Amino acid sequence: MKPLKILLVEDDTDYQNLFKDGVEVFKNQPNNMDVDFEIVEDVYDAVNIINVSYDGVIIDLHLGGNDQGGNEVVQILYNEFTKIPIVFVTAFADSVNNHPSVIKIRRREDGSYHSDLLLFQQIRDIGLTDIIGGRGLIEQQLRDVYLENLLPQIETWISYGEAYKETDPKRTERALLRYTLNHLLQLLEEDEEDYFREEVYLYPSVLDRITTGSIVKIDDQWFVILSPACDLVPRGENGVRNTDYILLAEIESVDKVLAGSKSKGKVRELCTNKRDYYHWLPETDFFEGGILNFRKLKTLNEDDFNEKFGKPTIQISPSFVKDIVSRFSSYYARQGQPDIDSKDFVTRYTT
């Protein structure tokens, strides 16, 4: 296994030595991996040495007389699309800027470099840096799509760009994004493993507007939006939707649906979606989950909806939305036809 590769950005030699001691302690612990590290002392050297090979960066805030040096390093890495988890170790923790790349802020007297290294190893162990990091699987697949699928068809894509240059210059950009993502998703089509609960949702929601599968809370009650996606897309300069009403299905609590029952059979029935009018939404750290009830529908006109609700925070993932919409449609399509008197027909062909 490749060693854990860490960059320390620290200008105090005492803390540099503490870090080196922490590395030795870490390496000598059972099940811990080897560590390769480098140490730099200022913003310039940090920005110039960091590349996609690092598994993590540990930064002090004050660097070489620059009181905001650590914050500057983080912002520069963010602007350059560098995807590396960052830990701040500083005496001035309250002055560290809140940034998504910063996974931990530690005061010098709290914890140790050993604990920081363990955190980076845990991230490495779950495969995050191998998937999302600059040297990861996604980058390899993007390279392959670029070389094998996009460049061989580049003349076609240029012709699309020329055709829409005046009316919609961003259209080919959006199309290329969809085209690329479809190739990446194909990698997972034959994956039959059970999904983790968090995979059911996009959180926070990628879009700043509602779409099919958005989870919204209105008057202390959770709902899932089931209006067709094409009706919910804002169109034109005024952002008008193709529908006057938003269709919502209520999410009931598991306790309410079970009504005190402790039957394992009933619980399994719920979580395996055996009831055609129920659909299980699993609980996560950011969402309480529940049972989507296709029989409890609600509609709100757009003005009332907008008044009660703002930007969505949770979105059901596209593959799970397809299943929900399919089950919802099947439930309401199962009405059948009235019975017809068929005794004469049966008699004619059976006697």
Side-chain angles (χ1 to χ4, degrees), residues 1-29 32-140 142-143:
M1 180 179 293
K2 292 188 298 185
L4 197 66
K5 187 171 181 181
I6 304 297
L7 178 68
L8 176 69
V9 188
E10 171 64 71
D11 60 355
D12 189 307
T13 55
D14 289 338
Y15 289 110
Q16 292 176 7
N17 291 329
L18 277 176
F19 171 76
K20 294 175 184 177
D21 293 341
V23 169
E24 291 305 313
V25 172
F26 178 84
K27 289 164 58 176
N28 291 321
Q29 294 294 314
N32 288 355
M33 60 180 60
D34 196 6
V35 180
D36 283 344
F37 66 87
E38 295 181 75
I39 299 175
V40 295
E41 298 187 355
D42 58 37
V43 174
Y44 177 82
D45 287 340
V47 171
N48 280 279
I49 198 174
I50 290 179
N51 57 52
V52 296
S53 67
Y54 287 97
D55 292 295
V57 181
I58 301 174
I59 308 181
D60 184 15
L61 180 62
H62 291 190
L63 296 171
N66 183 343
D67 290 350
Q68 295 296 312
N71 287 332
E72 291 180 14
V73 172
V74 172
Q75 189 59 48
I76 292 170
L77 296 182
Y78 173 76
N79 292 342
E80 294 182 353
F81 303 99
T82 305
K83 300 180 288 295
I84 303 174
I86 295 170
V87 168
F88 264 93
V89 179
T90 177
F92 306 95
D94 294 338
S95 298
V96 174
N97 291 342
N98 185 22
H99 195 281
S101 298
V102 180
I103 60 171
K104 178 181 176 182
I105 302 172
R106 178 171 70 80
R107 295 182 183 277
R108 293 198 183 279
E109 64 271 18
D110 300 330
S112 65
Y113 286 116
H114 175 272
S115 65
D116 303 331
L117 293 169
L118 183 59
L119 177 59
F120 288 131
Q121 176 169 323
Q122 290 170 333
I123 293 172
R124 172 84 171 267
D125 284 346
I126 64 170
L128 180 62
T129 49
D130 287 335
I131 296 297
I132 302 296
R135 65 188 186 280
L137 179 61
I138 288 181
E139 275 66 26
Q140 295 173 25
L142 284 174
R143 177 201 61 200

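Here, residue 1 is the first one in the sequence, and each next residue gets the next number. All values derive from a computational prediction rather than experimental measurement. These values consider heavy atoms only, across backbone and side chains, with no hydrogens, waters or symmetry-generated copies.
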Should Ile123 and Ile103 be marked as a side chain to side chain contact (heavy atoms under 4.5 Å, CB included) after you check the CA-CA gap, both sets of side-chain angles, and the distance that decides it? CA-CA 11 Å; Ile123 293 172; Ile103 60 171; 3.5 Å; yes
Please give me the minimum heavy-atom distance between Ala46 and Val73, naming the atom from each residue. CB-CG2, 4.1 Å
Scanning both residues in full, the closest heavy-atom pair of Pro3 with Asp36 reads CG-OD2, 3.7 Å
Hey, what do you get for [atom1] ([X]) to [atom2] ([Y]), rounding to the nearest 0.5 Å?
X     : Y      : atom1 : atom2 : value
Asn32 : Leu117 : CG    : CG    : 8.5 Å
Ile86 : Phe88  : CD1   : CZ    : 7.0 Å
Lys2  : Met33  : NZ    : CE    : 10.5 Å
Tyr78 : Asn97  : OH    : CG    : 13.0 Å

Criterion side chain to side chain contact (heavy atoms under 4.5 Å, CB included) on Ile59 and Val74, from CA distance to verdict: CA-CA 9 Å; Ile59 308 181; Val74 172; 4.2 Å; yes
Taking side chain as C-beta onward, heavy atoms only, is [X] less than 4.5 Å from [Y]?
X      : Y      : answer
Gln75  : His99  : yes
Lys20  : Ile39  : yes
Leu4   : Phe120 : yes
Leu118 : Gln29  : no
Val87  : Val102 : no

Glu72 vs Leu77, side chain to side chain contact (heavy atoms under 4.5 Å, CB included): CA-CA, chis, key distance, verdict: CA-CA 9 Å; Glu72 291 180 14; Leu77 296 182; over 6 Å; no
Report yes or no: does [X] contribute a side-chain atom to a donor-acceptor pair with the main-chain N or O of [Y] at less than 3.5 Å?
X     : Y     : answer
Glu38 : Ile6  : no
Asp45 : Glu41 : no
Asn71 : Ser95 : yes

For Phe26 and Tyr113: C-alpha separation, side-chain torsions, deciding distance, then whether ring pair (Phe, Tyr, Trp, His ring centres under 6.0 Å) applies. CA-CA 9 Å; Phe26 178 84; Tyr113 286 116; over 10 Å; no
Show your working on side chain to side chain contact (heavy atoms under 4.5 Å, CB included) between Ile50 and Leu7 and close with a plain yes or no. CA-CA 8 Å; Ile50 290 179; Leu7 178 68; 3.2 Å; yes
Identify, with sequence neighbours excluded, every residue that meets side-chain hydrogen bond (donor to acceptor under 3.5 Å, both in side chains) alongside Thr90. Asp60
Is it true that Glu10 and Arg108 have a side-chain N and a carboxylate O under 4.0 angstrom from each other? yes
Using a strict cut-off of less than 4.0 Å between a Lys/Arg side-chain nitrogen and an Asp/Glu carboxylate oxygen, indicate whether Lys5 and Asp55 qualify as a salt bridge. no
Would you check if there is a donor-acceptor pair between the side chains of Gln16 and Asp12 at a distance under 3.5 Å? no
Which salt bridge (Lys or Arg N to Asp or Glu O under 4.0 Å) pairs, counting each pair once, include a residue from residues 92-106, with sequence neighbours left out? Asp94-Arg107, Lys104-Asp116, Arg106-Asp116
